[in-house]
Amino acid sequence: MKTSRKQLALALFALGLAVGAATWLLTSKTIWPASAQPGGGEGGVSAENDEQWIDLIKTAEKVRSGEFATALPAVSVPRGATLLKSCEWLPSVFHATGVSNDPGATPGTGRTVMRVTDVSERGDGPEYVLVVDWNDDLSNCDPRVKAIVSGGKEDSAEIDRHICDEMQLAADGKELDDPTFRKPSKDVAEEYLRAFC
Amino acid sequence: MRPAHYWGILPALAGMLLGFVATGLLVERASAWSDPPIAFYYPDHGWAAQSHAEGHDGYGPWNFPTWYGGAAVGNQYGPGQDACSSSNRYSNIQAAGTISHDSTLGIGGWEWPDGLVMSYVGCGVSPNSRTLITTWVTTTQGGTAGFTYHNKASSSQCSGQGISYPCGDWSTVSEIRISWWNSATTSSRRKLLLHEWAHAWNLDDYCGSQDAMTKNGLSGCTWPSTPQYYDKDNWAFWETYGW
């Protein structure tokens with residue numbers, strides 16, 4: 001049984017490699033370290049670096065104009081678990097695992113997804129998946145849920161500020177402090193600052 | 001030594017393609033064995049788990065995942081303290097990393113020669129670090145002795161890597177409650193680190209009949225006596241990141 005799955009997996013992997021290699025050859029764009037990329041971590045700027053930044057700015061414009069909805073990927077709900085969209089329905093004694101803070105398509109938006117186990121009787125009670133939008137009212141939530149969601153929002157906001165700082169450096173024609181970031185052109189950095197900072 | 005860029009494409013493809021296959025297996029096997037599942041594979045998490053490795057050293061083979069341990073500097077993740085301010089934190093985080101590497105129970109015959117490799121990158125990681133962060137706090141966000149959460153990359157962080165949003169995890173933060181740590185035995189400290197890091201690797205709590213570091217440590221689901229990853233844990237790592 002294992003062998004047949006492995007064969008299937010290997011076939012998929014080979015297919016993926018072929019598709020990936022073709023894509024790579026066509027676009028010369030993949031995910032290796034910024035320091036290994038032209039214009040990546042060494043202070044250079046290329047049109048390639050600007051592509052994703054421009055896409056992001058355009059997406060944000062469409063979201064703000066209402067043309068796009070800010071759809072996040074669907075939440076994974078394990079078999080047997082119950083999806084909760086309000087923290088009012090959480091069990092009274094729970095153990096939180098698998099917490100994920102998911103920033104949205106535009107800065108300042110997002111959600112927190114919590115995997116929760118009811119431990120009111122023993123260590124492995126029913127499981128729940130709680131989804132809290134960062135704009136939801138948390139007043140009726142357990143203090144731990146409030147802390148988790150607030151923490152996610154604050155971390156995300158700090159990241160956003162960090163990126164704005166880097167963009168300011170790029171807009172000023174200076175080197176970035178963060179070598180892992182693809183440096184945008186001056187024009188794109190200025191556009192980003194106007195859109196998000 | 002292969003050039004860094006050679007390996008770049010492999011983890012992403014392996015994670016995206018093979019990880020999806022693993023999802024079904026986990027559920028199917030759990031059902032067939034009447035044993036709780038231990039791991040739930042999130043394709044967008046799994047991709048990033050492997051990208052952590054290639055993102056830092058550029059050559060993590062896809063079937064031999066690595067993940068870097070770091071420690072947050074104070075106040076960057078709430079009231080967290082790093083591992084460098086205390087010798088017992090530093091020694092135990094290093095020891096737990098070694099245990100992770102040496103935990104080979106049940107992996108005989110696999111392509112993995114060792115357990116999971118974690119490489120300690122030291123203190124002072126910034127909030128923007130794309131890594132696993134371990135931080136000591138007065139109160140964990142979950143209220144338990146240890147608590148781990150994932151921070152997915154924002155749209156700007158994905159763009160900063162030249163890839164499309166959504167693009168998986170950026171950082172994973174394991175919080176350790178200081179009061180618990182200070183009163184715990186060395187063995188328990190290492191168990192907690194291994195347990196929380198397993199969450200960082202996307203493993204779930206497991207309360208079945210077998211020994212596992214992924215038991216949640218609560219009543220009815222207590223940890224085994226020795227701090228190490230067991231067959232059950234390694235099986236889940238393999239199903240999620242191997243093949």
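Reminder, nothing fancy here: chain letters follow the sequence lines and each chain counts from 1.
No hydrogens or angles considered: a donor-acceptor pair under 3.5 Å links the side chains of A/H95 and B/D205.
Between atom CG of residue A/L56 and atom CD of residue B/Q157 there is a gap of 11.5 Å, rounded to the nearest 0.5 Å. Between atom CZ of residue A/F196 and atom OG of residue B/S155 there is a gap of 6.0 Å, rounded to the nearest 0.5 Å. In this structure, A/I159 CD1 and B/N151 CG are separated by 7.5 Å, a value rounded to the nearest 0.5 Å.
Looking at A/Y192, the atoms closer than 4.5 Å to chain B (heavy atoms on both sides) all sit in the side chain, from C-beta outward. Residue B/S154 touches chain A through both its backbone and its side chain, counting heavy-atom pairs closer than 4.5 Å.
For the pair B/S159 (side chain) and A/Q52 (backbone), a donor-acceptor distance under 3.5 Å is present.
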A/N101 and B/K152: CA distance, side-chain angles, deciding distance, side chain to side chain contact (heavy atoms under 4.5 Å, CB included) verdict: CA-CA 6 Å; A/N101 295 311; B/K152 286 186 185 168; over 6 Å; no

Pair A/R115-B/D204, side chain to side chain contact (heavy atoms under 4.5 Å, CB included): steps then yes or no: CA-CA 9 Å; A/R115 298 267 308 278; B/D204 195 14; 2.5 Å; yes

Working for side chain to side chain contact (heavy atoms under 4.5 Å, CB included), residues A/T112 and B/Y149: CA-CA 10 Å; A/T112 295; B/Y149 58 97; over 6 Å; no

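Counting heavy-atom pairs under 4.5 Å between each of B/G143, B/G217, B/S156 and chain A puts B/S156 at the top.
When side chains are defined from C-beta on, B/Y165 does not count as touching A/P103, because their heavy atoms never get closer than 4.5 Å.
Proximity to chain B among residues 144-154 of chain A is limited to A/R144, A/A147, A/I148, A/G151, judged by heavy-atom separations below 4.5 angstrom.
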